[in-house]
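Per chain, numbering begins at 1; letters A, B, ... match sequence-line order.
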Amino acid sequence: MGPAESPAPAQPKAIQVGADTITEGGIYQPEVLEPKWQKRWEQDGLYRAVVDPTLKKFYALTMLPYPSGDLHIGHWYAMTPSDARARFMRMRGYNVMFPIGFDAFGLPAENAAIKVGVHPRKWTYANIERMRTQLRAMGAMWDWTREAVSSDPEYYRWTQWFFVQLFKQGLAYKKMSPVDWCPNCNTTLAREQVWGDDRHCERCETPVIKKNLDQWFFRLTNYAEELLDFSHCDWPDRVKTLQTNWIGRSEGARVIFQTEVGDPLEVFTTRPDTLWGATFMVLAPEHPLVEKITASENKAEVKAYMQQAVRQTDIQRESADKEKTGVFTGGFAVNPVNGVRIPIWIADYVLITYGTGAIMAVPAHDKRDFDFAMKYGLPILPVINRTDGLTKSFALGKTMQPGLADALRAEEIPFEERQGSLYINIPPEKIDRYIEIARAHLNPSSWNEIVGTRWVFIFPDGVREWDSIDSEQEILARCQELEPNVREKRSLMEMVWGVEFYRDALFHDQQGELIHSAEFSGTPGAEAVRKVSEWLAARNAGGPAVSYRLRDWLISRQRYWGAPIPMVYCPVHGQVPVPEDQLPVLLPDDVEWKPTGESPLKLHPTWAKTSCPVCGSPAERDTDTMDTFVCSSWYHLRYLSPKYDRGPFDPAEYDYWMPVDCYTGGIEHATMHLIYTRFFHKACRDMGITRGPEPMLQLRNQGIILGEDSEKMSKSRGNVVAPDDLVKKYGADTVRAYLMFFARWSQGAPWNSQGIEGTHRWLNRVWALLTQVPKNTSTDAGEHADRILSRVMHQTIRRVTRDFENFEFNTVISALMEFTNTLYKYRETSLYGTPVWEEAADILMLMMSPVATHMAEELWHRRKGAGTASIHLQKWPTFDPALAAEEEATIVVQVNGKVRERLQLPIGAGEAEARRLALASDAVQKWLAGKEPRHVIYVPDKLINLVV
RNA sequence: GCCGAAGUGGCGGAACUGGCAUACGCGCACGACUCAAAAUCGUGUCCCGCUCGGCGGGAUGAGGGUUCAAUUCCCUCCUUCGGCACCA
């Protein structure tokens, strides 16, 4: 023999079979058949979604991609399993719409323009063109006729139209306010786009700063309550929790205090039950009342404080560890419940953006107020009883007569004695008895006090309760008179805080029975919250109230590449929306998009100059553009009819397709896009534009694919997986299948470049199984082989159907792999080619077709012959429970819960039978050791447990 | 600090309603084919022990509880990840 030659790979040859072109040759060649079928499907309009009232519709949607220029493996991970599921639904008889488009406005285009000098429009549309090609390589069932691009004038015309509708409805408003500004992106950001401890920009991670700007907002907060209702949302709990926390609902009460300058001062509190403990008030430095209530002698200090508060960044200001600062305004307010006059301070730990921007401070039961009061020596008054009964007294040696210790022992009051002083823990029921004992042993010119459950000072001439601000002052003065050491203490709390032993009894923030609260004393916590709220309401001094953490949505952006805000400023008529028939307000091409911090449109020589739509006098356009989340809040509506020009969408299409039945995408949008789009839908519903409670009924999130090194994929780490390379190497079907298989879809996992080989191997095995005739089929398949294969087939249909329904794609694939293995087991036997074999082969192809879209189509055509309809038009197979049912079950025999034997019994075997056979087993007898089972648990078809 | 999710072989993971833990795949080992390798195919692969084709014990982050029986239900703790954080 001469030198060995490796066999040349079979060259594929295209052959014509009727209308079908089929690749001849034994080798699986995705690079040949994938483009072929993609082209064919496109020509046939196979995935066109057309309104058909005779069919049940299914609107499947994946989140709109940004045209960054390169499809990432994350896009594949988000889109191809979603596509497979949409295909599954289609095969189950639904009329499925699965559209695609581009979120084409936004900063990267502008940043690229600044960096390399390409116009944002050119950059964006070139990227879109490239991504269309990449998206087509997925073999997905996109209906490209419904493609929508948010930067097209025919799209943003309607983004602007929605803005105008919101404005007319009073849901869009302009306001001067301190807003988050990203110094790198040179624009404002919505609250949701500011992330993390250091409050950085969601996009570029630069820490944001505050700027005071006149900006447009959408009234998200109007819908806060409704957004908390997820009763129509089949959504992951995680997303619902994130949104719920983000909205941050707090129940409590409004309380109106009267200031001495005459203006009412309203606060929000979650603890109206602590109202009697309010010893001062605090306003945010930006609070509008600050100026008016500040006394003339405090003006300078207050002004200085306000200035330094404004200068600070949010990070400094909102850091919880920061020591609290503030200044007294010189003003006072009157507590509506008891008429007590309390000082008003300003401090930056109170936020102007939450509640009313003012608080009543109850330092005894709020940690922040406590810290502040202790720092500035403000009075503290406990008004809520402890729930743990902790009650303490410290008896300094020189203040008490000898015999106290013996008296306490006799009374069984526990204490510790150290250096002649007693550290006493008083059982709550013995407090009165203790007071008697303490009085009896008190030295003249001394006192003793109780803290915790009771707040009592025992003086030689009597007992004084610490139950009001007045008594607090009197007691403090009295103590200072008796003891020079406490003369510098500014409050009674500060004085007792000096005793280390007391510290854990001095502060708590639990709910509990009210004390020191006039007629409400003795009321239990939850009841007190309710009763005090009602009491306030009855006296027009407030009442029950709800507050939300959610803020209105800031949508102005000082950037070029976005939808211009369609507003005109007229010196006579003020804010005037651009009339609907004049939309869109077109973005000019000739702008300088340099990052100046000003809107590029503002620097355009002529663009902003216009005339007032009302009076025609010279007027100015708004030169900001809209946050791109506005564009993406309604794209699911534009997909309905991207060319429609009499409205944002064709109502007939809306009636049929909406709402979205299944929405898939990443969890990172939980508090941004997914809140905005719900808001948009609900606002539009209230204007009669949309219908129904929710835009997206079902939501599922995919996880994140990490790099092979388990780190986040990034170019700088060099761990990026490029889908184009994978498609080239393995074909799209392998990539699709692997993405579905390699991890729980909802969770994601690190990439594994060896793992994909296994999936590729599987597809090759399926290919060989269905294209190659085995050498030998004479071996007997064994008894009932046909029934076994049929059973496995029906069981597989059951498993795959269930797992597809539940988005459990990894087990869809493993079930199909197992089914393939079963077929391989019988391939070289007499079962090959029998009707049940052929049926199983068909079913395997059908169930693989949502996954390996091209391969399944190719195999289908090869096996079904010329002119066959696409596999993607076939029905999903159904299973027959009778045929899927096992005939025999393995019964596990346990002795005392441990497996000792296994029995093969027919399904439905009775307990007596199982018991008889179990007891007949030697292994079981060995473990029973001659004893009779005391107790037998029998689970039919599963297990018998003998307990001795 | 508060809220939430998750911890199962060397790795990704499976286990439906409390009933055989570790399916499927990767990796690894051995074998077949080959001069050889790749590819492919086959066999094995949680840990420990033993009188080793079998048998016994242990193991689902740790500890406890409920139960005839717990990866699954309950409690405590640990770790990791995510979100919120001076929100009154």
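Straight-line distance from the CH2 atom of Trp195(A) to the P atom of A85(B): 13 Å, rounded to whole Å. Put simply, CD1 on Ile359(A) is 6 Å from C1' on A88(B), counting in whole angstrom units. Rounded to whole Å, atom P of C55(B) lies 9 Å from atom CD of Glu901(A). Rounded to whole Å, atom P of G83(B) lies 11 Å from atom CE of Met672(A).
The nearest heavy atom of RNA chain B to Gly897(A) and to Arg271(A) marks one nucleotide each, and the one closer to the 5' end goes with Gly897(A). Comparing Ala743(A) and Gln754(A) against RNA chain B, the residue whose closest nucleotide sits nearer the 5' end is Ala743(A).
Candidate nucleotides G19(B), G12(B), C68(B) were compared by shortest atom distance to the side chain of His935(A), and C68(B) ranks first. Nearest nucleotide to the side chain of Thr241(A), out of C3(B), A88(B), G19(B): C3(B). The Val892(A) side chain lies nearest to C20(B) when the options are C20(B), G12(B), A14(B). Taking the side chain of Thr890(A) as heavy atoms from C-beta on, and the options G27(B), C20(B), G25(B), the nearest nucleotide is C20(B). The side chain of Val899(A) sits closest to A21(B) out of C55(B), A21(B), C24(B). For Val947(A), counting side-chain heavy atoms from C-beta on, the closest listed nucleotide (C68(B), C26(B), C84(B)) is C68(B). If you check C20(B), U40(B), G83(B) against the side chain of Arg902(A), the one that comes closest is C20(B). For Arg238(A), the side-chain atoms get nearest to G82(B) when compared with the rest of G82(B), C86(B), C84(B). In the set C24(B), C68(B), G12(B), C68(B) carries the atom at the smallest distance from any side-chain atom of Ile937(A). Relative to the side chain of Glu818(A), the nucleotides C24(B), A14(B), G12(B) differ in distance, and C24(B) lies closest.
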Using the 3.5 Å cut-off, write out each protein N or O paired with an N or O of nucleotides 6-9 of chain B and the distance between them.
none

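In the interface, the side chain of Lys367(A) is not paired with the base of C86(B) through any donor and acceptor atom under 3.5 Å apart. Counting distance only, with no hydrogens placed and no angle test, the side-chain atoms of Arg802(A) and the base atoms of C16(B) include a donor-acceptor pair under 3.5 Å.
Between U72(B) and G65(B), the distance separating the two P atoms is 14 Å to the nearest Å. G4(B) and G63(B) are spaced 26 Å apart, taking the P atom of each and rounding to whole Å. For the P atoms, the distance from G42(B) to C78(B) is 49 Å, rounded to whole Å. The gap from the P atom of C48(B) to that of A38(B) amounts to 29 Å, rounded to the nearest Å. Spacing of C1' atoms, G44(B) relative to G53(B), comes out at 14 Å, to the nearest Å. A distance of about 49 Å separates the P atoms of C73(B) and A32(B), rounded to the whole Å. Rounded to the nearest Å, the gap between the P atom of G61(B) and that of G12(B) is 13 Å. Between A62(B) and C11(B), the distance separating the two C1' atoms is 23 Å to the nearest Å.
A close approach under 4.0 Å does occur between a side-chain nitrogen or oxygen of Asn810(A) and OP1 or OP2 of A14(B). Distances shorter than 4.0 Å separate none of the side-chain N or O atoms of Arg761(A) from OP1 or OP2 on G25(B). Residue Arg799(A) places none of its side-chain N or O atoms closer than 4.0 Å to OP1 or OP2 of C24(B). An OP1 or OP2 oxygen of G56(B) is reached within less than 4.0 angstrom by a side-chain nitrogen or oxygen of Trp927(A). Under 4.0 angstrom from either OP1 or OP2 of C68(B) there lies no side-chain N or O belonging to Lys942(A). Look at Ser250(A) and you'll find a side-chain N or O under 4.0 angstrom from OP1 or OP2 of A88(B). OP1 or OP2 of C20(B) has not a single side-chain nitrogen or oxygen of Arg900(A) nearer than 4.0 Å. Within the structure, every side-chain polar atom (N or O) of Asn806(A) is placed at least 4.0 Å from both OP1 and OP2 of C16(B).
The closest side-chain donor-acceptor pair between Glu266(A) and Thr356(A), if any, does not fall under 3.5 angstrom. For the residue pair Arg238(A)/Asn701(A), the side-chain donor-acceptor check at 3.5 Å is not satisfied. For the residue pair Gln894(A) / Glu901(A), no side-chain donor-acceptor distance below 3.5 Å is found, with atom types taken as modelled. Side chain to side chain, Thr353(A) and Arg551(A) meet the donor-acceptor criterion of an N or O pair below 3.5 Å.
Side-chain contact check for Tyr824(A) versus Arg827(A): some heavy-atom pair is nearer than 4.5 Å. Within the 4.5 Å cutoff, the side chain of Val924(A) has heavy atoms near those of the Val895(A) side chain.
Looking at heavy-atom distances under 4.0 Å, Trp762(A) makes no contact with the nucleic acid at all. Here Leu242(A) lies in heavy-atom contact (under 4.0 Å) with sugar-phosphate atoms only. Using a 4.0 Å heavy-atom distance criterion, Gly355(A) is classed as making no nucleic acid contact. Residue contacts for Arg551(A): at a heavy-atom cut-off of 4.0 Å it reaches a base atom on one of the strands shown. Gly703(A) comes within contact range of no nucleotide atom at all, as no heavy-atom separation falls under 4.0 Å. If you check every strand for non-hydrogen atoms under 4.0 Å, Asp369(A) touches nothing. Among the heavy atoms of the strands, none lies under 4.0 Å from Glu757(A).
Base pairing of C73(B) is made with G65(B), judged by Watson-Crick or G-U wobble geometry with both donor-acceptor distances under 3.5 Å. In a base pair of the Watson-Crick type (N1 to N3 plus N6-O4 or O6-N4) or a G-U wobble (N1-O2 and O6-N3), with each distance short of 3.5 Å, C35(B) is matched with no nucleotide. Across all strands shown, C11(B) pairs with G25(B); the Watson-Crick or G-U wobble distances both stay below 3.5 Å.
The number of heavy atoms from other shown groups lying within 6.0 Å of CD1 (Ile704(A)) does not exceed 12. Heavy-atom contacts from other residues, nucleotides or ligands closer than 6.0 Å to NZ of Lys240(A) number more than 12.
Ion pairing of Asp371(A) with Lys367(A) is present here, as a side-chain N (NZ or NE/NH1/NH2) and a carboxylate O approach within less than 4.0 Å.
Smallest separation of non-hydrogen atoms from Pro236(A) and Leu699(A): CD-O, 3.1 Å. Here the shortest heavy-atom pairing between Ala670(A) and Ile675(A) reads O-CG1, 3.7 Å.
Residues Tyr826(A) and Tyr832(A) keep their aromatic ring centres 6.0 Å or farther apart.
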